[in-house]
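Single-structure report; data block below.
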Amino acid sequence: MGFVLGLDVSTTACKALLLHESERVLAVSASPHPLHTPQPLWSEQDPEDWWAASCLAIRGVLDQSGVDPGDVKAVGLTGQMHGLVLLDERGDVLRPAMLWNDQRASAECAEIREAVGLERLVAITGNDAFAGFSAPKLLWVRRHEPEVLARVRRVLLPKDYLRFRLTGRIATDLAGAGGTLFLDLTARNWSAELLRLLDVPGDWLPPVHEGPEVTGVVKADASRESGLPAGIPVVAGAGDQAAQAVGVGAVDPQTFALTIGTSGVVFAPSATPRTDPTGSVHAFPHALPGMWHLMGVMLSAGGSLAWYRDTLAADVPFAQLLEEAAGIPAGCEGLSFLPYLSGERTPHANPDATGAFVGLTRRHRRGHLTRAVLEGVAFGLRDNLDLLAKVGLDRPSQLRASGGAMKSPLWSQILADVLETDLVRMTDLEGGALGAALLAGPAGGLWPDVKSGVEQSVSTDSTVSPDSPGDYAEPLARFRALYPALHA
């Protein structure tokens, strides 16, 4: 009997998922950790909180399942991309981690474009400089916290800090490394040219590995804290979106994925490194060796609904809010919502973009506001899907859909109608942690390669097809007119 464990450090919680060799998810456990916003557009977390939450989640999933820890054969890691974790020569954390949705480094993005040139930057990395990426954050620390920078010896991503605590090893995966803005997309290694131009020591960055590669083993003290067996392999894993794609079966160029968590992502695998010359669409290595992916990212998808509920309807259950929204017609009788609560990445590369309700009248009630949020997120994702088409990718006939939004029949239908595409709901909605476990499967001896594990373990639940897409033509046009009007 064998199991693999997927560990996912997200913005809100650390999740542990236990996958059995008989191709079924046995248990999932999550432990929340705090998020700090010390200034507007700043977003930080304490890496020690990730470790504590991870140990709780791992012990929780073992207790919940009743599995003998000795039957866990390997661990896969995933987590939020782009975060900046700085360690000193002893391996101690130097400052709170700056997260993927931290937008303070816009001036440093301009500095990078000036030093490298936009065309050359996109040619090397596949991406423009966005404030959420790791490189601008590191330059921000150099400019604003030189006393911290002087002590830096290692630069890690969030999940790689968990790897360090589990194994004592410094390493990262290629999919996550692609989101730092230091990686050569085609060569699948750190770019010596970029490091030289940005004056960043190459030995600060961890060795890069393909997703299924073993990067270390669980050490004795980490075993005592987490409950995992000492000596079992820990594989490279993947950044959250690449792991999510593995978890829903988006491992070939014909299968696209849609994920709605805090952020919203449209994900398109590719057999070759492809880029958008303007840098509007992200391009990274996939978690599978020899594959890449393109994706559009909006920063506040499920995060928009969470903000709305916490701010304007804190005592109202989500189920009640969604029930009220279901009684409102498409288009919300002229009310629109812009979901740019944390700036935006695609299609508007603007860290200073802001959200808004527009078109309010006395006729509008809470149900209108709720539905406007659901529709605004759907419209933002439609912008991202259309951007992928402009890069030359064929429009998919379906999207493998996961994340919290797919638990809502109303939001699922709105998304299918706005995107004009079938949404295939997954049996297991925790795609990121499942993908991390699948990447660990070969190292644990559960299957010969990752694709074999995907074929055995990933299953679909149901399909949501477009019903009334024409109802959204005018509201979508109205939504698209608002950003240029309000951010001129």
Would you call Val122 and Asp276 a side-chain contact if the rule is heavy atoms closer than 4.5 Å? no
Check the pair Thr180, Ser134 against side-chain hydrogen bond (donor to acceptor under 3.5 Å, both in side chains), reporting the backbone distance first and the verdict last. CA-CA 4 Å; Thr180 64; Ser134 308; 5.4 Å; no
Using only heavy-atom distances, determine whether the side chains of Trp100 and Thr11 contain a donor-acceptor pair under 3.5 Å. yes
Phe284 versus Leu183: any side-chain heavy-atom pair under 4.5 Å? no
Stacked cation flag Arg309 on Phe318, 6.0 angstrom / 45 deg: yes
Please confirm whether the backbone N or O of Ser408 pairs with a side-chain atom of Ser412, one donor and one acceptor, at under 3.5 Å? yes
So, for Ala378 and Leu419, which heavy atoms are closest and what is the spacing to 0.1 Å? O-CD2, 4.3 Å
Intermediate values then yes/no, salt bridge (Lys or Arg N to Asp or Glu O under 4.0 Å), Glu21 and Lys73: CA-CA 10 Å; Glu21 62 186 347; Lys73 304 302 183 185; over 6 Å; no
Per-pair distances, 0.1 Å, donor-acceptor, side chain in residues 326-338, under 3.5 Å, sequence neighbours excluded:
{"residue": "Glu333", "atom": "OE1", "partner": "Arg363", "partner atom": "NE", "Å": "3.3"}
{"residue": "Glu333", "atom": "OE1", "partner": "His368", "partner atom": "NE2", "Å": "2.6"}
{"residue": "Glu333", "atom": "OE2", "partner": "Arg363", "partner atom": "NE", "Å": "2.7"}
{"residue": "Glu333", "atom": "OE2", "partner": "Arg363", "partner atom": "NH2", "Å": "3.0"}
{"residue": "Ser336", "atom": "OG", "partner": "Arg478", "partner atom": "NH1", "Å": "2.8"}

Could you list the donor-acceptor pairs under 3.5 angstrom formed between side-chain atoms of residues 257-267 and any protein atom two or more places apart in sequence or on another chain?
none

If the condition is side-chain hydrogen bond (donor to acceptor under 3.5 Å, both in side chains), which residues does Gln45 pass it with, not counting sequence neighbours? His33, Trp50, Gln80
For Ser43, which residues count as a side-chain hydrogen bond (donor to acceptor under 3.5 Å, both in side chains) partner, sequence neighbours excluded? Asn101
Compare every heavy atom of Ala16 with every heavy atom of Ala57, then report the nearest pair and how far apart it is. O-CB, 3.5 Å
Glu323 atom CD, over 12 foreign heavy atoms within 6.0 Å: no
Tell me, do Leu5 and Leu17 make a side-chain contact under 4.5 Å, heavy atoms counted? no
Gap separating the CG atom of Leu476 from the CZ atom of Arg382, nearest 0.5 angstrom: 6.0 Å
For Pro396 and Thr421, the nearest pair of non-hydrogen atoms, with its separation, is O-CG2, 3.7 Å
Hey, is the main chain of Val297 close enough, under 3.5 Å, to the side chain of Asn384 for a donor-acceptor pair? yes
For Gly432, is there any backbone N or O sitting under 3.5 Å from a side-chain donor or acceptor partner on Lys15? no
Going by heavy atoms in the side chains, are Glu193 and Arg120 under 4.5 Å from each other? yes
Asp8 versus Ser10, side-chain donor and acceptor atoms under 3.5 Å: no
Residue list, side-chain hydrogen bond (donor to acceptor under 3.5 Å, both in side chains) with Thr215, at least two apart or on another chain: Arg163
Looking at CG of Leu77 and CG of Leu166, how far apart are the two atoms once the value is rounded to the nearest 0.5 Å? 6.5 Å
Go through it in stages, so that I can follow the logic: the residues are Glu455 and Lys451, the test is salt bridge (Lys or Arg N to Asp or Glu O under 4.0 Å), and I'd like the CA-CA distance, side-chain angles, deciding distance and then a yes or no. CA-CA 6 Å; Glu455 292 170 359; Lys451 285 192 175 181; over 6 Å; no
Ala416 and Val464 have their tightest heavy-atom pair at CB-O, 3.7 Å
Could I get the full list of ring-ring contact (aromatic ring centres under 6.0 Å, His included) partners for Phe130, not counting sequence neighbours? Phe133, His282
Polar side-chain atom of His82 near backbone of Gly179 as donor-acceptor pair, under 3.5 Å: yes
Any side-chain heavy atom of Thr460 within less than 4.5 Å of one from Arg400? yes
Do Lys159 and Asp173 meet the salt-bridge criterion of a basic N to acidic O distance under 4.0 Å? yes
What residues form a side-chain contact (heavy atoms from CB on, under 4.5 Å) with Pro409, not counting sequence neighbours? none
Side chains of His293 and Met295 in contact at under 4.5 Å (non-hydrogen atoms): yes
Can a donor-acceptor pair be found, under 3.5 Å and without considering hydrogens, that links the side chain of Gln64 to the backbone of Val28? yes
Charged tip of Arg104 within 45° of Trp140 ring normal and under 6.0 Å: yes
Would you please name every residue forming a ring-ring contact (aromatic ring centres under 6.0 Å, His included) with Trp307, sequence neighbours left out? none
Worked check of salt bridge (Lys or Arg N to Asp or Glu O under 4.0 Å) between Asp383 and Arg480: CA-CA 9 Å; Asp383 282 345; Arg480 285 176 164 170; 2.7 Å; yes
Can you find a pair of side-chain heavy atoms, one from Val235 and one from Val75, that are under 4.5 Å apart? no
What I want to find out is whether Arg188 reaches Glu210 closely enough, with some N-O distance under 4.0 Å, to be called a salt bridge. yes
Within the side chain of Arg425, is there an N or O that forms a donor-acceptor pair under 3.5 Å with the backbone of Met406? yes
Test: ring-ring contact (aromatic ring centres under 6.0 Å, His included). Region: residues 406-428. Which pairs qualify, not counting sequence neighbours? none
Contact between Glu375 and Ile414 at the side-chain level, heavy atoms closer than 4.5 Å - yes or no? yes
Nearest atoms (heavy-atom pairs only) where Leu41 meets Pro351: CD1-O, 3.8 Å
Return yes if some donor-acceptor pair links the side-chain N/O of Thr275 with the main-chain N/O of Pro277 below 3.5 Å, else return no. no
Just by distance, do the side chain of Asp128 and the backbone of Leu118 share a donor-acceptor pair under 3.5 Å? no
Could you tell me whether the side chains of Ser468 and Asp417 share a donor-acceptor contact shorter than 3.5 Å? no
Tell me every residue that passes side-chain hydrogen bond (donor to acceptor under 3.5 Å, both in side chains) with Gln103, counting only those two or more places apart in sequence or in another chain. none
Residues in side-chain contact (heavy atoms from CB on, under 4.5 Å) contact with Thr463, at least two apart in sequence or another chain: Asp422, Val424, Ser465
Can you list everything that forms a ring-ring contact (aromatic ring centres under 6.0 Å, His included) with Tyr340? Sequence neighbours excluded, please. His348, Tyr483
Got a sec: does the CG of Asp394 have more than 12 other heavy atoms crowding it under 6.0 Å? no
Would the number of heavy atoms belonging to other residues, nucleotides or ligands and lying under 6.0 Å from CD of Glu119 be above 12? no
Heavy-atom donor-acceptor pair, Thr346 side chain to Val281 backbone, under 3.5 Å: no
